[in-house]
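Inspection log for the structure reproduced underneath, given as structure tokens.
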There are 2 protein chains.
Amino acid sequence: MDADTPAPRRRARRRPAGPDRVSARDVARHAGVSIATVSRVLNDSGPVADRVRRLVAQAIDELGYTPNAAARALVRSRSETIGAVVPTLENATFAIAVEALQSRLRQAGYTLLLASSGYDRSNESTQVRALLARGVEGVMVVGGAHDPEIEQLCAARGVPLVQTWTLRPDVACVGFDNRAVGRQLADYLLDLGHRQIGVVAGVTRGNDRAAERVAGITEALAARGLDLPREQLIERPYRIAEGQIGLRALLASEPRPTAVICGNDLLAFGAMLEARKRGIRVPDELSIAGIDDLEFAADLDPPLTTIRVPAEEIGRRSAEYLIDRLDGQTVATVTEVATSLIVRGSTGPAPQRGDRE
Amino acid sequence: MDADTPAPRRRARRRPAGPDRVSARDVARHAGVSIATVSRVLNDSGPVADRVRRLVAQAIDELGYTPNAAARALVRSRSETIGAVVPTLENATFAIAVEALQSRLRQAGYTLLLASSGYDRSNESTQVRALLARGVEGVMVVGGAHDPEIEQLCAARGVPLVQTWTLRPDVACVGFDNRAVGRQLADYLLDLGHRQIGVVAGVTRGNDRAAERVAGITEALAARGLDLPREQLIERPYRIAEGQIGLRALLASEPRPTAVICGNDLLAFGAMLEARKRGIRVPDELSIAGIDDLEFAADLDPPLTTIRVPAEEIGRRSAEYLIDRLDGQTVATVTEVATSLIVRGSTGPAPQRGDRE
DNA sequence: GGCAGCTCGGTAAACGCTTACATAGCCGGG
DNA sequence: CCCGGCTATGTAAGCGTTTACCGAGCTGCC
């Protein structure tokens, strides 16, 4: 049946498996209309009589037709995909942001292409390039310092790029001032009377957020005539175990710090573990603070003083920025999200001189 | 310059912004060869003289040419993308798996399209459909119980589907036996002499892993003539705070359990917090166990007894399965990953009757 | 009753690539 | 010297859509 043409021997090569996909042509034939009409029904572009519309709709689901995204992308020069490159998903804060990003993008009909850089600048660049080659219409990256190629490539293609977890006046970004956060934490501890402040920072190489946080701390100290000696600044990867190592190193230095600022909550958690292990009372003998306010921070013992960073909001707003931009709207390029100091039990007044000795 | 043709009034519509993209045609013209040759150089298909090859390569980077992925996908019927749908990235275990999945896929030249379902079956189905519509060549999902549509859709398109965190003999999967895990934990506690075992499970509706874990516990109890009464089984979402709520509910029941198995480490963490808050000594008065062995599990106080689940391996192996399948190889469809009971300080022998009363 | 102005639907030209096929040199053996 | 059989290149036919453009019917108004 349906032997209209001599059946020009269907090609059987490209997709090794799988029955030949059903195309708009098949739908058209099945519904007895032209392929243009099928397209009109699908996209609701142009007028179509109700009767025909129903016919086509029926053919579509009788055949189980799904439009070919590649073909559509090709002809419309729009992939409806967005790319994101984060340092790692193992850091919950990024995982949360990606989750929010994706869900907001999905709402707007975009699909998320995800890659991670492992905190490596050149790898980040590679990933962005790969995403761009896939035709993403927008790109989200973490941080404000990258291989300059990234901005160039995006600009050359007219692909909006949003940088997150950072604030830069000259580019589109959704984030906060990491330096201010560092400063705020340091000021808070200074106000509590601490004068010996140690830092267990993240690895600053290739991580401008970590570097800025340290810079902020240094600034705050300098403003009170203090400095941050080399041995009071430890850099460790963002992991709990590294926080322990970090605190251990700090405790070996002289004079021993009365307060420690950690680059994020994982490091802070580690530091608290180490303190406990050594019988150092927190916060009586040692104050410890983190950044991120991860889910567990409030539940540590003592609860962790930290800076709340709205990761979900960063992800969501990045999505919204890109969506609006691609929609042709002109939107604010710089979006600052609110962070706030959450004072909990892990920090307290500096021990009086001689409190323990 | 270069006014060879009357310049047929370049269209200026589709991509509102952005200079007209440079295409293979431009490269060909620039290098003075045919477009076919450009393609041959690009894909290293067919012979090309070295001189010409260099010419083309030069043209390519002088023009900053990037092949259009949609066009390529269209003609080759291959998108070189893989889709994954996880319940949520907020659960670190999935974040880790996705990270590994992506990085392995990338190595093989695939790009990851990511979506999350929020533990909702119908949403999961929607996401898979969206991914399929984007032309993904393979799909990864979490769990073994889904809207049947998912398997149908993938099968109909010949798209390999890998189900993770589960073991099913009839489909491709990378995971482990959740029931066995539940059983193992229960047996371990039973062997310690516990007879009143409570459970703070994840929400089992739409989550076959959670349900299986409970089933395993029930089985182990039944094997010793015990049962799991309704009020000893609490279901809560996977969050720390929910673990607290869960334990609270359990403590209200009679007889009070001497051991609690939690659906995952987050719930276990919460349970431990609640126990501490109430002055219940762990493990002397109450044993608590979790599942996942998240990073912090070893660092809780006391350290958490749990089942180690190799999330990274699950992600990586899922990637490998899909890669091999798409490469035309026939590979083992069922991949079991090893879990293991990690006994730490949060569990111990059942308190002697009257130990406390 | 003619025709302006609808509404509806078809035709065909892209979109940017890959690739089967044709073609054009060129080499060397008979 | 001719020609088979290379190798290197070009030509052109799609891949499955969208959409500009055209034409065919219909309505209803003068």
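Numbers restart at 1 for each chain; the letters A, B, ... are given by sequence-line order, proteins then strands.
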For residues 44-52 of chain A, which side-chain donor-acceptor pairs fall under 3.5 Å, sequence neighbours excluded?
none

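Between A/Val139 and the choices A/Leu153, A/Val162, A/Leu132, the side chain to side chain contact (heavy atoms under 4.5 Å, CB included) rule is met once, by A/Leu132.
Taking every side-chain heavy atom of B/Val75 into account, C/dT18 is the closest of D/dT17, C/dT18, D/dT9. If you check C/dC8, C/dG16, C/dG10 against the side chain of A/Arg40, the one that comes closest is C/dG10. With D/dT9, C/dC8, D/dT17 as the choices, the nucleotide that has an atom nearest any side-chain atom of A/Pro67 turns out to be D/dT17.
With no hydrogens or angles considered, no side-chain donor-acceptor pair links A/Thr335 and A/Arg317 at under 3.5 Å. Between the side chains of A/Arg21 and B/Ser77, no donor N or O sits under 3.5 Å from an acceptor N or O.
Whole-Å rounding puts the A/Arg54 CZ to C/dC8 P distance at 13 Å. Regarding A/Arg78, its CZ atom lies at a distance of 15 Å from the C1' atom of D/dT17, rounded to whole Å. Atom CD1 in B/Ile35 sits about 11 Å away from atom C1' in D/dT11, given to the nearest Å. In this structure, A/Leu74 places its CG atom 9 Å from C1' of D/dG16, rounding to the nearest Å. Here C/dG9 presents its C1' atom at 13 Å from CZ of A/Arg53, a figure rounded to the nearest Å. Nucleotide C/dT19 holds its P atom 5 Å from the CZ atom of B/Arg76, rounded to whole Å. Separating the CG atom of A/Leu63 from the C1' atom of D/dG16 is a distance of 15 Å, rounded to the nearest angstrom. Taking atom CG of A/Asp44 as the reference point, atom C1' of D/dT17 lies 17 Å away to the nearest angstrom.
The phosphate of C/dG16 (OP1 or OP2) has no side-chain N or O of B/Arg25 nearer than 4.0 angstrom. The phosphate of C/dG16 (OP1 or OP2) has no side-chain N or O of B/Ser23 nearer than 4.0 angstrom. For A/Asn43 and D/dT18, the shortest distance from a side-chain N or O to OP1 or OP2 is below 4.0 Å.
As judged by a 4.0 angstrom heavy-atom cut-off over every strand, A/Ala36 is placed among the base-contacting residues. Note on B/Ser39: a base of the nucleic acid sits closer than 4.0 angstrom, heavy atoms only. A/Thr37 comes within contact range of the sugar-phosphate backbone alone, with a heavy-atom separation under 4.0 Å but no base atom that close. Note on B/Val52: only backbone sugar-phosphate atoms sit closer than 4.0 angstrom, heavy atoms only; bases stay farther off. At a threshold of 4.0 angstrom between heavy atoms, the contacts of A/Leu42 with the nucleic acid are absent.
Residues A/Glu99 and B/Ser116 come closest through the heavy atom pair OE2-OG, 3.0 Å. Between A/Thr81 and A/Gly135, the shortest heavy-atom contact is OG1-O, 3.9 Å. Considering all non-hydrogen atoms of both residues, A/Gln127 and A/Ala115 come closest at OE1-CB, 3.4 Å. Listed here is the closest heavy atom pair of B/Asp26 and B/Val22: OD2-CA, 3.2 Å.
Take the nearest nucleotide of DNA chain D for B/Val33 and for B/Ala71: the residue whose nucleotide is more 5' is B/Val33.
Computed from C1' positions of five pairs at each end, the angle between the two local axes of the helix from C/dG1-D/dC30 to C/dG30-D/dC1 equals 60°, rounded to 10 degrees.
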